[in-house]
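Chain identifiers are assigned alphabetically (A, B, ...) following the order of the sequence lines, protein sequences preceding nucleic acid strands; residue numbering begins at 1 within each chain.
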There are 2 protein chains.
Amino acid sequence: MRTTEESTQAIIESANIFFARFGYGKTTMTEIAEYCDMSVGNLYRFFPSKLDLAAKIVDLVTQESVANLRRVSARKYRSSAARVEALVIAELRETFETMENRPTIEEMGRIIMFKRVDVINKGLADTRRVLEEVLQDGIASGEFTIPKPDFAAEMIQAATLKFRYPQLWSRLNLPALEREAKGVVRLLIKGVQTR
Amino acid sequence: MRTTEESTQAIIESANIFFARFGYGKTTMTEIAEYCDMSVGNLYRFFPSKLDLAAKIVDLVTQESVANLRRVSARKYRSSAARVEALVIAELRETFETMENRPTIEEMGRIIMFKRVDVINKGLADTRRVLEEVLQDGIASGEFTIPKPDFAAEMIQAATLKFRYPQLWSRLNLPALEREAKGVVRLLIKGVQTR
DNA sequence: ATAATGAACTGTCAAGAAATTATTCATTTT
DNA sequence: AAAATGAATAATTTCTTGACAGTTCATTAT
């Protein structure tokens, strides 16, 4: 006899396994339900639709990604500028690898992007917060002069769009993308460095 | 009795009309040929495939767009920085409008992007050259300090990806996109301005 | 009364057939 | 010989229909 919370967790785990393995489209709600010893009708008492379940998975994947960026940010760097660069490169690598090696996850992300953009925007906002904290540190240390760090973080995020899931718009390989990302980041950093 | 050049031009005009009106997929080579009083077999003596014909149209549309950017660049501005901003905004507006009001052209551009990326890259290179010339002017006037203007132009182009055909990745309306583009451009410009 | 079920209902997908269109080439025209 | 044609060939798209899957709800179980 499971609690509501336990059932919810079991469904999420089951969905995670099936979506990752077979993709969103090929996974049926019936097999997700069966995997946690539940009827498909009962599953709908916990999640109102298949899309909502996928949104939850994408949200969890994104939070995992944000946590990873925080770990990258927490390492030792010689400057806040280097820290910003490390964040952008980390995100480039992670999204590049997702598209290369986890196509089912990437496809699900794309579906969520069209049908549940709020989930994507939340992920972007969380990511942006990590970046903003780094900018704040740079301000505190005197390295950066930024009137509005939240706005600057937003601008940097917009300017580095090309380096998230880059295969969508570029045929460059990862080393070339990293070089380009570093070039863009250097230019942006010069725009916020204390003169 | 037409010359080869005249026949080629007639085909291009015919294709332009039909592709713009009905879209690439819905237009048949037979109707393009008929419109210029030619058999469909003869049409293939001028263009090896339907895709090649579309690539030519996209190329011409792109050259038109580059010429427009040159006109924008040629206006009077108080600074090279303002000129760069005007270029980015002009491209944003033009691509936004194409997606909104000329969906058949946009769709054809997308097909060419996947199947004939060389045409797209050529268009980007031509656009970048306009930007580079503006950067060169800024260097000559002492406004900018840029070691490699061709590289800087490339970086600026990468950083402003979001503002070409923006509806592909954003739900913001045009005014909001312009504000964001200006924010990004200001940051980039601060990265190249003479200190 | 609440929780769970599984078949029915509704909507979507996929495979195969039919229709359409891109392309070729044997034939005709110039 | 070179240019043009239009039907044949090959490839792609569209349509049809049965299968499949998302979702609901009458019924059963707790």
Side-chain angles (χ1 to χ4, degrees), chain A residues 1-58 103-104 107-108 110-116 119, chain B residues 1-58 103-104 107-108 110-116 119:
Chain A
M1 185 69 347
R2 288 182 294 206
T3 65
T4 297
E5 179 58 35
E6 281 166 342
S7 292
T8 302
Q9 276 310 120
I11 295 168
I12 289 172
E13 275 178 41
S14 176
N16 203 12
I17 290 165
F18 280 91
F19 285 156
R21 180 77 165 279
F22 303 106
Y24 175 77
K26 286 290 184 185
T27 298
T28 68
M29 293 295 263
T30 302
E31 49 196 358
I32 293 175
E34 280 170 353
Y35 191 76
C36 20
D37 295 306
M38 181 186 292
S39 71
V40 68
N42 198 24
L43 194 158
Y44 280 92
R45 287 177 54 245
F46 296 91
F47 288 92
S49 71
K50 187 179 183 183
L51 187 67
D52 281 284
L53 188 46
K56 181 69 186 180
I57 304 291
V58 168
T104 51
E107 182 217 18
M108 189 162 53
R110 210 180 307 206
I111 290 164
I112 296 298
M113 187 170 79
F114 283 110
K115 299 189 177 179
R116 291 291 303 275
V119 174
Chain B
M1 184 75 337
R2 286 183 293 205
T3 66
T4 297
E5 179 59 35
E6 282 166 342
S7 292
T8 302
Q9 276 310 117
I11 294 168
I12 289 172
E13 275 179 38
S14 176
N16 202 11
I17 290 165
F18 279 93
F19 286 154
R21 181 77 165 277
F22 302 107
Y24 176 76
K26 286 291 185 190
T27 298
T28 68
M29 292 296 265
T30 302
E31 49 196 358
I32 292 174
E34 279 171 354
Y35 191 75
C36 20
D37 296 306
M38 182 187 291
S39 70
V40 67
N42 199 26
L43 194 159
Y44 279 93
R45 285 176 55 246
F46 297 90
F47 289 92
S49 70
K50 188 180 183 182
L51 187 67
D52 280 283
L53 187 47
K56 182 69 186 181
I57 304 292
V58 168
T104 51
E107 182 218 19
M108 189 163 50
R110 210 179 308 204
I111 290 165
I112 296 298
M113 187 170 80
F114 283 111
K115 298 187 178 179
R116 291 292 302 275
V119 174

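Side chains of A:Ile112 and A:Ile57 form no contact here, defined as non-hydrogen atoms less than 4.5 Å apart. Side-chain contact between B:Ser7 and B:Arg45: absent, with no pair of heavy atoms (C-beta onward) separated by less than 4.5 Å. Side-chain contact between B:Asp52 and B:Arg116: present, with at least one pair of heavy atoms (C-beta onward) separated by less than 4.5 Å. Residues B:Leu51 and B:Ile111 meet the side-chain proximity criterion, which asks for heavy atoms closer than 4.5 Å. Two residues are said to be in side-chain contact when any heavy atoms from C-beta on lie closer than 4.5 Å; B:Ile12 and B:Phe47 meet this criterion.
Contacts with DNA chain D (heavy atom under 4.0 Å) in residues 43-56 of chain A: A:Tyr44, A:Ser49, A:Lys50, listed by number. Near DNA chain D, meaning a heavy atom under 4.0 Å from it, residues 28-37 of chain A has A:Thr28, A:Met29 in order of number.
At least one donor-acceptor pair closer than 3.5 Å links the side chain of B:Thr8 to the backbone N or O of B:Thr4. For B:Thr27 (side chain) and B:Phe18 (main-chain N/O), a donor-acceptor pair under 3.5 Å exists by modelled atom type. Of the possible donor and acceptor atoms, none in the side chain of B:Thr104 sits under 3.5 Å from a partner among the backbone N and O of B:Gly23.
The nearest whole Å value for the distance from the CZ atom in B:Phe19 to the C1' atom in C:dA22 is 12 Å. Here D:dG6 presents its P atom at 13 Å from CE of B:Met38, a figure rounded to the nearest Å.
A 6.0 Å sphere centred on CZ of B:Phe46 holds more than 12 heavy atoms belonging to other residues, nucleotides or ligands.
Of the candidates D:dA4, C:dA14, C:dG6, C:dA14 carries the atom nearest the A:Lys26 side chain, counting heavy atoms from C-beta on. Residue B:Val40 has its side chain nearest to D:dG6 when only D:dG6, D:dT23, D:dT5 are considered.
Counting any heavy atom pair closer than 4.0 Å across all strands shown, B:Thr4 reaches no nucleic acid atom.
For the helix from C:dA1-D:dT30 to C:dT30-D:dA1, the rotation axes defined at the first and last 5 base pairs enclose an angle of 10°, given to the nearest 10°.
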*Can B:Tyr24 and B:Lys50 be said to form a side chain to side chain contact (heavy atoms under 4.5 Å, CB included), step by step?*
CA-CA 9 Å; B:Tyr24 176 76; B:Lys50 188 180 183 182; 3.7 Å; yes
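Side-chain nitrogen and oxygen atoms of B:Asn42 include none within less than 4.0 Å of the OP1 or OP2 phosphate oxygen of D:dA3.
For the 3.5 Å distance criterion, the side chains of B:Asn42 and B:Ser39 fail to qualify, holding no donor opposite an acceptor.
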